[in-house]
Amino acid sequence: MTNDLSERARPAVAADVPAVRDVTDAAYRHYIERIGVVPQPMEADHAADVAAGKVFVTGEPVVGLVVVEAFPDHLFLDSIAVRPDAHGRGVGRLLLRFVDAHARALGLGEVRLYTNALMWENQRIYPRYGYEVVERRVEGPYDRIHYRKRLA
């Protein structure tokens, strides 16, 4: 991927499933020891998510992706993953902007997401992109901080 942020995310296709799995695993693997469980995105059915049109990728080869799901009143950002060797190149920023644009294109005025409370890096990132904390809730083995972003 170039440093040109005009490069867009595209819908993932079946041939992208191995890359989706590899990028997700690379992005989340280091959290296993910290949080004590395998992060949920690593256990997702990537082929089913791609087939359902929930996955968008960027880069050639793929260096980043988002998994989103539309609900009647919001777009849920289920996962965002960037290969560690692509950090600092604007990939995450591009993907977060894509999510906002995708929500608007669907006529949705809000994006929601959650992150594990022990993934403290994310707690510094999301507010910079307009997300506000809604609540903290334990769901099974996951201690999650829920965020929302209202789109103008």
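- Just one residue in the list Ile32, Thr115, Asn116 forms a side-chain contact (heavy atoms from CB on, under 4.5 Å) with Pro39, and that residue is Ile32.
- Residues Tyr114 and Phe76 place their aromatic rings such that the two centres sit under 6.0 Å apart.
- Between the CD atom of Glu121 and the NE2 atom of His87 there is a distance of 9.5 Å, given to the nearest 0.5 Å.
- Hydrophobic clustering, with ILVMFWY side chains joined whenever heavy atoms are under 4.5 angstrom apart, keeps Tyr28 apart from Val23.
- Using a 4.5 Å heavy-atom threshold, the side chains of Ile125 and Arg128 count as touching.
- Following chains of ILVMFWY side-chain contacts shorter than 4.5 Å, one cannot reach Val68 starting from Val57, and the two form parts of different hydrophobic clusters.
- The shortest non-hydrogen separation linking Val37 to Tyr142 is CG2-CE2, 3.6 Å.
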(request) Please step through salt bridge (charged side-chain N to carboxylate O under 4.0 Å, His left out) for the pair Arg112 and Asp73, ending with a clear verdict. (result) CA-CA 10 Å; Arg112 297 181 190 170; Asp73 61 344; 3.3 Å; yes

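- In this structure, CE in Met119 is found 5.5 Å from OH in Tyr31, a value given to the nearest 0.5 Å.
- Contact record, Ala103 with Leu151: CB-CD1, 3.6 Å, taken as the closest heavy-atom pair.
- Contact record, Leu106 with Ala70: CD1-CB, 4.0 Å, taken as the closest heavy-atom pair.
- Of the possible polar contacts, one joining the Gln123 side chain to the Ala117 backbone as a donor-acceptor pair under 3.5 Å is found.
- Between the Asp16 side chain and the Val13 main chain, a donor and an acceptor come within less than 3.5 Å of each other.
- Linking ILVMFWY residues whenever their side-chain heavy atoms come closer than 4.5 Å, directly or via other members, places Tyr131 and Leu75 in the same cluster.
- Taking the six-membered ring for Trp and thresholds of 30 and 60 degrees, Phe98 and Phe56 have ring planes inclined between 30 and 60 degrees apart.
- Here Arg29 contributes atom CZ and Asp22 contributes atom CG; the two are 8.5 Å apart, rounded to the nearest 0.5 Å.
- Rounded to the nearest 0.5 angstrom, Leu77 CG and Tyr126 OH are separated by 6.0 Å.
- With hydrophobic clusters built from ILVMFWY side chains whose heavy atoms lie under 4.5 angstrom apart, Val20 shares a cluster with Val62.
- At least one side-chain heavy atom of Val38 sits under 4.5 Å from a side-chain heavy atom of Glu43.
- The shortest non-hydrogen separation linking Val133 to Ile145 is CG1-CG2, 3.9 Å.
- What you find for His46 and Pro41 is that their closest heavy atoms are CE1-O, 3.3 Å.
- Within 6.0 Å of CD in Glu139 there are more than 12 heavy atoms belonging to other residues, nucleotides or ligands.
- Nearest heavy-atom pair, Val99 versus Val66, reported as atom, atom and distance to 0.1 Å: CG2-CG1, 3.9 Å.
- At distances below 3.5 Å, not a single donor-acceptor pair connects side-chain atoms of Arg137 with backbone N or O atoms of His146.
- Contact of the Val111 side chain with the Asp100 side chain is registered, since non-hydrogen atoms from C-beta on lie closer than 4.5 Å.
- Hydrophobic clustering of Ile, Leu, Val, Met, Phe, Trp and Tyr side chains at less than 4.5 Å, counting indirect connections, keeps Val55 apart from Leu95.
- Atom-to-atom distance recorded for Leu94:CG and Arg89:CZ is 11.5 Å, nearest 0.5 angstrom.
- The distance from atom CZ of Arg144 to atom CG of Leu118, rounded to the nearest 0.5 Å, is 12.5 Å.
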